[in-house]
Amino acid sequence: MTPMLWGAGVLVGLLALLAVGTPIAFALGLVSILALILADGWGSVSILGETFFGGLASFGLVSIPMFILMGAAVASSPAGKDLYEALDRWLNRVPGGLVLSNLGACSIFAALSGSSPATCAAIGKMGIPEMTKRGYPNEIAAGSIAAGGTLGILIPPSVTMIVYGIATETSIGRLFLAGLLPGVMLTALFMAWTIYDCRRRGVGLDMLGRRFSFRERLEVLPRVLPFLGIIAAILYVLYGGVATPSEAAGVGALFCLIFVAVIYRLWKLSLYSSLFRDTLKESVMIMMIIGASELFSFALSSLFITQTIAEWISLLDVNKWVLMAIINAFLLFAGFFLPPVAVILMTAPILLPIIIQAGFDPYWFAVVLTINMEIGLITPPVGLNLYVINGIAPNITLGEILRGSIPYVGCMVVGIVLLCLMPEIALWLPNLLMGPAL
Amino acid sequence: KASHQWPGGKGDVRDEMVQILAREVAKADVGVEIKVYPGQSLFKANEQWGAMTKGQLDISAFPLDYASGRHPQFSATLMPGLVRNHDRATRLNTSPFMDDIKKIVNDAGVVVIADAWLAGGFASKKQCITSPETMQGQVTRAAGPAFEQMLVGAGASISSMPSSEIYTGLQTGVLDAANTSSGSFVSYRLYEQTTCLTAPGANALWFMYEPILMSKRSWDKLSKEQQDALMAAGKVAQDYFAGEAKGLDDKMIKTFKDAGVEVVEMSAEDYDAWLAIAKETSYKNFSENVPGGEDLIAKALAVD
Amino acid sequence: MSFYITAVSAVSRFFGLIAMVLTGSAALVVTHMVIVRYFLGGSTVWQTEYVIYALVAATFLGSPYVLLNKGHVNVDLLQLRAAPAGRRILQTLSALAGISFCALLAWSGWVYFHEAWSFGWRTSTVWAIPLWIPLLPLPVGVGLMVLQYIAEIIKIQGGAR
Ligand code: NA
Ligand code: NA
């Protein structure tokens with residue numbers, strides 16, 4: 001059988017397994033091992049354990065559960081509510097002020113969490129009920145949180161950037177820096193759309209919200225300071241020569257646990273068991289997908305599918321922007337069905353050499369890839385953020401969440417276009433602080 | 001199937017060695033075709049050994065020390081100061097020391113096709129590393145536990161990270177110094193982040209055995225003619241490597257000098273001082289914990 | 001039947017708890033490592049390895065608990081649209097796929113563990129702990145996945161009656 005035929009077989013098998021609802025990790029794993037058994041015989045099973053274990057036993061991956069734990073610790077405190085309430089006092093006279101506060105809170109929380117669903121949950125738990133209470137349509141309330149939550153993987157720290165860094169042997173610290181300004185840019189685009197949309201619909205000039213005096217606005221600032229303090233501390237640990245990203249993640253996690261206990265005086269055991277449960281659910285899910293992706297890329301490479309596809313793409317003699325458009329379309333498509341970590345692990349090793357050969361920067365590409373993945377998080381059938389919002393706001397239908405997030409998908413596409421026109425948005429900061437890349 | 005961990009098609013000497021093997025075998029026209037999977041595109045570096053012993057991987061260019069968890073004797077192939085320089089490495093290949101090592105390799109179900117010893121050095125952004133005293137207080141990334149033990153013995157502190165993170169580690173200040181192979185020093189552009197390089201020269205502490213290996217199960221499936229062709233191809237690859245190994249060091253020295261980095265070498269006294277520390281740390285550990293360890297070290301040091 | 005479900009679920013919860021403790025301990029140990037190296041200038045021998053293996057163990061041991069809580073993300077578009085009978089079939093098929101993979105992985109992991117145990121393999125680091133210790137959570141956790149999946153199938157079939 002030719003590699004392309006094997007590739008088609010693996011794809012069909014994978015889609016069939018996914019369609020019946022097999023968890024993504026096990027679908028990836030099963031289709032890989034079946035292909036290997038068919039090609040090389042039962043002996044292939046003997047390497048399954050070592051490959052899966054080896055895929056997980058890496059110090060770089062330590063940062064994933066740790067950054068998730070860090071976000072979960074802050075999310076379990078009233079921190080999210082404090083954050084957007086503080087912002088609300090400053091923004092409530094702007095059309096859509098409360099939505100803007102929530103988007104802002106999402107972007108600040110994203111700097112404390114490596115994952116998007118966690119960002120969604122942390123801000124949405126308080127933010128969505130408050131928005132609907134003050135008369136915002138369900139669509140805007142849910143859509144803005146779904147979109148704001150996606151910033152979790154763009155604004156550092158980011159689980160997907162970590163995975164990309166490990167898969168492509170690029171610097172994780174540098175990837176984090178590359179995501180920062182694009183994250184701010186997306187936040188601004190989201191906010192600009194919100195102001196326009198609210199004005200257009202004539203909602204959101206908060207008649208229910210009262211006018212705050214300047215003094216009241218100043219009063220609330222100290223409540224935001226602890227977050228900014230933690231963010232500054234983590235940046236210092238990361239870029240001040242104290243520790244590697246994995247170590248910074250562990251220190252940050254412990255720091256946030258202590259912070260929640262001390263600042264908010266939360267000592268209930270149930271709180272800690274629920275935050276560790278949330279951490280475990282998300283990190284185990286991601287880590288199992290990572291282990292299975294390891295098998296999947298092993299199978300693709302062993303059957304020479306990866307190499308054949310890469311060769312095929314490099315023979316496609318097209319303009320580099322056409323190539324980029326094709327790759328974007330492909331990533332978007334994959335993102336509809338698969339969570340970010342799986343897409344990155346499966347495609348980055350194939351795409352990166354092609355990207356570099358075409359003259360694109362690998363750090364810039366990481367940002368474009370991440371925004372593509374963000375879109376995938378708020379589109380069906382697998383949109384983790386949609387599930388989260390469905391969970392925290394059961395009275396809002398999936399359709400309403402979807403309709404609400406579509407305009408923000410538009411904002412992200414605009415973001416990608418801006419990044420293509422001005423790669424400096426991603427590259428300026430890392431180049432400034434870390435010098436030119438390798 | 002041949003697998004290794006270095007970038008493919010970019011002139012890496014170890015990749016080239018495997019490619020030569022594949023080309024030579026193809027040229028011999030004995031019905032053997034070798035497909036090369038570079039850059040860990042098939043197996044992760046550490047998993048190659050297990051895959052070969054199980055017959056799931058045929059050939060690998062493999063740093064033997066990676067399997068030292070299974071065969072602790074292999075630590076001797078990344079033991080500080082046992083090799084000293086390239087000429088001695090060549091003599092070592094045919095010594096009783098290597099006979100012992102290869103016997104363990106064979107008993108584990110793996111065949112050596114071609115020998116290769118790679119040199120390496122130290123680089124620091126704080127202070128040139130020559131005598132053990134210069135190591136004091138430097139946070140260092142070391143390749144392998146035997147080196148870690150010796151460096152700690154000299155007063156360094158160790159930070160573990162994959163070689164791909166060394167650059168960032170030096171840049172952000174997590175690391176003051178690093179210890180790795182000549183090839184990695186160049187490919188990871190560590191000259192941009194360091195001020196002083198300790199090149200291998202006549203008294204190098206860092207040598208690593210990275211032979212081309214073959215699974216015994218795959219080997220036994222070949223005919224005599226095919227085996228001979230493979231061994232002949234291995235010889236060509238080995239000779240190519242021997243010619244290039246010193247070239248790797250020269251290239252490193254030139255790149256670092258061009259980047260304005262100071263380049264030093266260890267003197268014979270420095271080397272002896274390090275050996276004294278190694279005897280108290282890594283050698284001692286090795287002799288105490290590894291069956292036949294003391295004997296192996298004695299045999300290696302006996303080579304002149 | 002319901003006894004089986006209760007028992008397996010209890011075991012999964014127990015290992016889930018262990019996984020949470022391991023995760024918490026990793027944060028403590030990483031911080032300890034950074035303090036020792038950066039603030040005290042000392043060397044760290046065992047911390048890196050402990051953290052890696054603790055989190056790998058947390059992944060395998062916590063996986064059955066995550067399955068119990070439907071935390072392994074999947075594409076449930078078809079399942080949601082299907083009629084109850086069709087949904088049960090789809091759910092059973094997906095569970096069978098999950099079981100097949102977990103059984104193969106657990107078996108292979110068991111063989112790997114057993115080799116490490118009987119040949120006395122160690123990790124190739126300064127700490128050099130016996131390799132079977134970090135390998136044990138793989139067959140245990142993924143083996144328990146098989147048992148937990150059987151419980152899930154019983155639940156699915158129970159829904160038919
Ligand atoms: Na983030
Ligand atoms: Na999606």
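Proteins get letters first, then strands, A, B, ... in listed order; numbering begins at 1 in each. Both backbone and side-chain heavy atoms feed into the values below; hydrogens, waters and symmetry mates do not.
- Taking CD1 of C/Ile99 as the reference point, atom CG of A/Leu30 lies at 11.5 Å (rounded to 0.5 Å).
- Of the two parts of C/Arg87, neither the backbone nor the side chain holds a non-hydrogen atom closer than 4.5 Å to a non-hydrogen atom of chain A.
- Shown here for A/Ala253 and C/Ala27, the closest heavy-atom pair between the two residues is CB-CB, 4.3 Å.
- With sequence neighbours left out, C/Trp107 forms a side chain to side chain contact (heavy atoms under 4.5 Å, CB included) with A/Val45, C/Trp110, C/Val111.
- Identified by a heavy-atom distance below 4.5 Å to chain A, the contributing residues of residues 89-96 of chain C are C/Leu90, C/Leu93, C/Ser94, in residue-number order.
- At a heavy-atom separation below 4.5 angstrom, chain A is approached by C/Tyr53, C/Leu55, C/Val56, C/Ala58, C/Thr59, C/Phe60, C/Gly62, C/Ser63, C/Tyr65, C/Val66, C/Asn69 within residues 53-70 of chain C.
- For A/Leu56, the parts sitting under 4.5 Å from any heavy atom of chain C are the backbone and the side chain alike.
- Residue A/Leu34: no heavy atom, backbone or side chain, is found under 4.5 Å from chain C.
- For the pair A/Leu295 and C/Phe101, the minimum side-chain heavy-atom distance is below 4.5 Å.
- In plain terms, the two heavy atoms of C/Cys102 and A/Phe26 that are nearest each other are SG-CE2, 4.1 Å.
- With a 4.5 Å cut-off on non-hydrogen atoms, A/Ser273 touches chain C through its backbone but not through its side chain.
- A distance of 11.5 Å separates CG in A/Leu69 from CE in C/Met20, rounded to the nearest 0.5 Å.
- Interface summary for chain A: among C/Leu28, C/Ile52, C/Val30, the most heavy-atom pairs under 4.5 angstrom belong to C/Ile52.
- At least one donor-acceptor pair closer than 3.5 Å links the side chain of C/Asn74 to the backbone N or O of A/Gly21.
- Among A/Val251, A/Leu18, A/Val242, the residue making the largest number of heavy-atom pairs under 4.5 Å with chain C is A/Val242.
- Only the backbone of A/Ser46 comes within contact range of chain C, with heavy atoms under 4.5 Å apart.
- Taking CD from A/Glu247 and CE from C/Met33, the interatomic distance works out to 4.0 Å, rounded to the nearest 0.5 Å.
- Between C/Pro134 and A/Phe53, some side-chain heavy-atom pair lies under the 4.5 Å cut-off.
- Within the 4.5 angstrom heavy-atom criterion, atoms from both the backbone and the side chain of A/Met288 approach chain C.
- With respect to chain C, the highest number of heavy-atom pairs below 4.5 Å among A/Gly252, A/Ala248, A/Ala292, A/Ala19 belongs to A/Ala19.
- When the shell of 6.0 Å around CZ of A/Phe333 is examined, it contains 12 or fewer heavy atoms from other residues, nucleotides or ligands.
- Of the listed residues (C/Gly109, C/Ala26, C/Ala97), the one with the most heavy-atom contacts under 4.5 Å to chain A is C/Ala97.
- From C/His72, atom NE2 reaches atom CD1 of A/Ile24 across 11.5 Å, with rounding to the nearest 0.5 Å.
- Two residues are said to be in side-chain contact when any heavy atoms from C-beta on lie closer than 4.5 Å; C/Leu78 and A/Val20 fail this criterion.
- For the atom pair CD1 of C/Ile18 and CG of A/Leu280, the computed distance is 11.5 Å after rounding to the nearest 0.5 Å.
- Within 6.0 Å of CZ on A/Phe255 lie no more than 12 heavy atoms contributed by other residues, nucleotides or ligands.
- With a 4.5 Å cut-off on non-hydrogen atoms, A/Ser246 touches chain C through its backbone but not through its side chain.
- The CZ atom of A/Phe276 lies 10.5 Å from the CG atom of C/Leu22; values are rounded to the nearest 0.5 Å.
- Contacts between residues 137-152 of chain C and chain A, counted as heavy-atom pairs separated by less than 4.5 Å, involve C/Leu138, C/Met145, C/Tyr149.
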